[in-house]
Visitor: 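Quick one: structure below, then a few questions.
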Amino acid sequence: MSLLPTTSIAAIAGYAGQTVTLSGWIYNKTEKGKLIFLMLRDGSATIQCVVFKKNVAEDVFARAQQLTQESACRITGVVRADERSASGYELDVQGVEIVSLTHDYPISPKEHGVEFLMEHRHLWVRSAKQHALLRIRAEVIAAAQEWLNAQGFIRYDSPILTATAAEGTTNLFGTDYFDLGRAYLAQTGQLYVESGMMSFGKVYCFGPTFRAEKSKTRRHLTEFWMIEPEVAFADHDDNMALQEQFVSAIVQRVLERRGEDLRTLERDTAPLERVLAPFPRISYDEAVELVNARHGEVEGCTAMEWGEDFGAPHETLIAQQFDRPVFVERYPSAIKAFYMEPDPGRPEVALCADLLASEGYGEIIGGSQRIHDPVLLEARIREYGLNVDDYQWYLDLRRYGTVPHSGFGMGIERAVAWISGTRHIRETIPFPRQLYRIYP
RNA sequence: UCCCCGAUAGCUCAAUGGUAGAGCAUCUGACUGUUAAUCAGAGGGUUCGUGGUUCGAAUCCACGUCGGGGAGCCA
């Protein structure tokens, strides 16, 4: 005999008038003398179960009284439409089976502080808002992969343990690797995914990436998930066109399928409904001018000189000028990675773009056309102070059948934070890894 | 690494240098429509740690620990 639940609360409308058995956890209980309200959660949704003393056997009522918050149980009853219920349905209880009783569940329905909740993250994920948010994360991931698959992309995973720093820019987590010395946790899969691009034409990798930066802001994690598509015979403009289609498709699918979760999170969906290609594009040069003309509009936003990178307040100011995500393109090569193709008309800038989400959520995508000329690429590797020997395999990709190609990386947690309207990125992943937190 | 802020009951927070408080949670009782139920009662404290100032420190000072927000860096 299977223990699996036969009826899910999400599908309860189809059982009106019928007797069903629901399996789940008590998320709240209200006792009113001879009447008990049990709020039952089964992972799919919640429903209020009503126990009237005179309608049930004495032992059933006694067991209902015993139930506490987060006790596991099976409840049998008749599904009844009721206007007083938020979901439109209630369960008139006939039977209660206790699976396990919980005592002293730490998270009450009242308010809690961040530290307490993060310390109990393994339990916090049961709470309504966290539940809705992690569902949206799952939808974003599914939408991203399925959209790429439908466009003919092949998933091509990159290694997490690598011998050298891919981009040579950020700090990496290191570990001992047998007799071969140090190994590092990947900060990007991009270089590897370029090899797949030469094999399959259109590929993407998807997995965790690691940055040992001592970043301590609501936009940073030391471990985060990134999806990185790479396309052969695609230039900078093709790349931006792909990105805007990709992001629009993800946002529209979340609106379509996770509307209830967005309501739980009280997310204003009007800005999301506007997220449709094409997205506006401004050049780095224009963005610098804009910052210098209007930096007073955002707190902490200062004037800047050409050649400097944008800080978080600058990104907020730039994004504020548009009603949907905006591409900032053609940054100075000096502040970008070594592999970015120079603009043929202006070699001091790169054929790259960052996509800034609206509403102050900042950069969610960074992408570029990659250098395909082996001589230029090798020169850049040297200019950036990297060891050419470490990059021989990467240079091989240009020695054998090189073509112009482009790609980008989207940070899943930042995208989820933006789409769900969540202020802090730490809630968009089940177990966030941060500078001062690795438990639980 | 730098700047700012915080730590008091299980949780969220009060307390002018002068007896340690409330709401919620827990326990007891009442209640047939609650949605963070309500009402009555009870229990619950190494005020983060160490040192200092003071007749007297939760409160002021120093150092430390842990955490939060931001900067830089980035997705």
Side-chain angles (χ1 to χ4, degrees), chain A residues 27-40 46-56 61 68-69 80 82-87 90 92 103-120 127-128 167 169-172 186-190 206 208-228 243 299-302 308-316 331 335-337 354-357 361-367 408-418 423-426 428-429 434-437 439:
Chain A
Y27 81 86
N28 206 1
K29 180 175 84 162
T30 303
E31 279 191 83
K32 271 194 63 75
K34 300 184 173 77
L35 174 62
I36 301 173
F37 297 104
L38 300 171
M39 274 59 104
L40 187 73
T46 59
I47 190 169
Q48 175 160 280
C49 307
V50 187
V51 193
F52 279 105
K53 188 165 192 177
K54 67 168 189 181
N55 291 353
V56 298
F61 194 80
T68 54
Q69 190 191 357
R80 173 174 47 76
D82 194 310
E83 287 176 357
R84 290 169 294 192
S85 156
S87 68
E90 286 189 346
D92 281 330
H103 299 288
D104 303 320
Y105 186 68
I107 303 180
S108 72
K110 299 282 179 179
E111 58 187 314
H112 296 283
V114 170
E115 188 183 349
F116 177 82
L117 289 169
M118 290 308 306
E119 202 69 16
H120 295 86
S127 302
E167 298 184 356
T169 50
T170 54
N171 295 315
L172 304 178
Q187 77 203 103
T188 172
Q190 188 213 306
F206 175 54
T209 48
F210 306 86
R211 307 269 167 103
E213 295 293 339
K214 294 197 169 180
S215 302
K216 202 170 173 305
T217 82
R218 65 172 184 272
R219 297 178 310 282
H220 289 86
L221 299 172
T222 55
E223 174 181 319
F224 66 96
W225 287 63
M226 190 153 64
I227 190 160
E228 297 177 89
Q243 290 170 47
E299 199 187 332
C301 190
T302 52
E308 291 178 331
D309 207 351
F310 304 114
H314 300 119
E315 289 185 356
T316 301
Y331 283 69
I335 56 171
K336 288 293 180 182
D354 285 354
L355 183 65
L356 307 184
Y361 282 93
E363 183 183 348
I364 54 169
I365 286 181
F408 64 92
M410 183 178 83
I412 294 294
E413 289 77 16
R414 284 193 183 174
V416 172
W418 164 54
R423 185 177 152 77
H424 204 301
I425 196 173
R426 67 185 160 213
T428 64
I429 184 168
Q434 297 176 277
L435 186 51
Y436 293 121
R437 180 165 297 284
Y439 175 93

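Within every chain, numbering begins at 1; the chains are lettered A, B, ... in the order of the sequence lines, protein sequences first and strands thereafter. Worth saying up front: this structure is predicted, and the values here are computed from it rather than measured.
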Visitor: Ignoring backbone atoms, establish whether A/Arg219 has a side-chain N or O less than 4.0 Å from OP1 or OP2 of B/G69.
Guide: no
Visitor: Any strand is fair game: report the nucleotide pairing with B/U8 by Watson-Crick or G-U wobble, both distances under 3.5 Å, or none.
Guide: none
Visitor: Who does B/G72 pair with, Watson-Crick or G-U, both distances under 3.5 Å?
Guide: none
Visitor: Compare the aromatic ring of A/Tyr436 with the six-membered base ring of B/G67 and state whether they stack according to the 5.5 Å and 30° rule.
Guide: no
Visitor: Does this structure show an ion pair linking A/Arg219 with A/Glu413, if we count only N-O contacts that are shorter than 4.0 Å?
Guide: no
Visitor: So with a 6.0 Å cut-off around NZ of A/Lys53, is the heavy-atom count from everything else above 12?
Guide: no
Visitor: By the 4.0 Å heavy-atom rule, please label A/Ser215 as base, sugar-phosphate, or nothing.
Guide: base
Visitor: Nearest to the side chain of A/Glu115, heavy atoms from C-beta on, is which of B/G67, B/G69, B/C74?
Guide: B/G67
Visitor: Could you measure between the two P atoms, the one in B/G23 and the one in B/G41, and give it in whole Å?
Guide: 11 Å
Visitor: With sugar-phosphate meaning primed atoms plus P, OP1 and OP2, does A/Ala415 contact a base, only sugar-phosphate, or nothing at under 4.0 Å between heavy atoms?
Guide: nothing
Visitor: Given the rule in the side chain to side chain contact (heavy atoms under 4.5 Å, CB included) test, do A/Ile107 and A/His112 qualify, once you have shown the distances and angles that lead to the verdict?
Guide: CA-CA 8 Å; A/Ile107 303 180; A/His112 296 283; 3.9 Å; yes
Visitor: What nucleic acid atoms does A/Ile425 come within less than 4.0 Å of, heavy atoms only: base, sugar-phosphate, or nothing?
Guide: base
Visitor: For B/A42, which nucleotide in any strand shown is its Watson-Crick or wobble partner with both distances under 3.5 Å?
Guide: B/U26
Visitor: Heavy atoms only, 4.0 Å cut-off, all strands: where does A/Asp354 land among base, sugar-phosphate and nothing?
Guide: nothing
Visitor: Does B/G69 have OP1 or OP2 sitting under 4.0 Å from an N or O in the side chain of A/Arg426?
Guide: yes
Visitor: Between B/G69 and A/His424, is there an OP1 or OP2 to side-chain N/O distance shorter than 4.0 Å?
Guide: yes
Visitor: Does any non-hydrogen side-chain atom of A/Gln187 lie less than 4.5 Å from one of A/Thr209?
Guide: no
Visitor: How does protein reach along nucleotides 30-41 of chain B, written 5' to 3' as B (base within reach of a heavy atom under 4.0 Å), S (only sugar-phosphate), or - (no contact)?
Guide: -BBBBBBB----
Visitor: Just name whichever nucleotide pairs with B/A62, Watson-Crick or G-U, keeping both distances under 3.5 Å, else none.
Guide: B/U50
Visitor: So A/Ile412, base contact, sugar-phosphate only, or nothing? Heavy-atom distance under 4.0 Å.
Guide: nothing
Visitor: Watson-Crick or G-U wobble partner for B/U16, using a 3.5 Å limit on both distances?
Guide: none
Visitor: Which is it for A/Phe37 and A/Val50 under the side chain to side chain contact (heavy atoms under 4.5 Å, CB included) test, yes or no, and what are the steps along the way?
Guide: CA-CA 5 Å; A/Phe37 297 104; A/Val50 187; 4.0 Å; yes
Visitor: Can you tell me whether the side chain of A/His220 and the base of B/C74 have a donor-acceptor pair closer than 3.5 Å?
Guide: yes
Visitor: Report which part of the nucleic acid A/Gly311 touches: base, sugar-phosphate, or nothing (heavy-atom distance under 4.0 Å, all strands).
Guide: sugar-phosphate
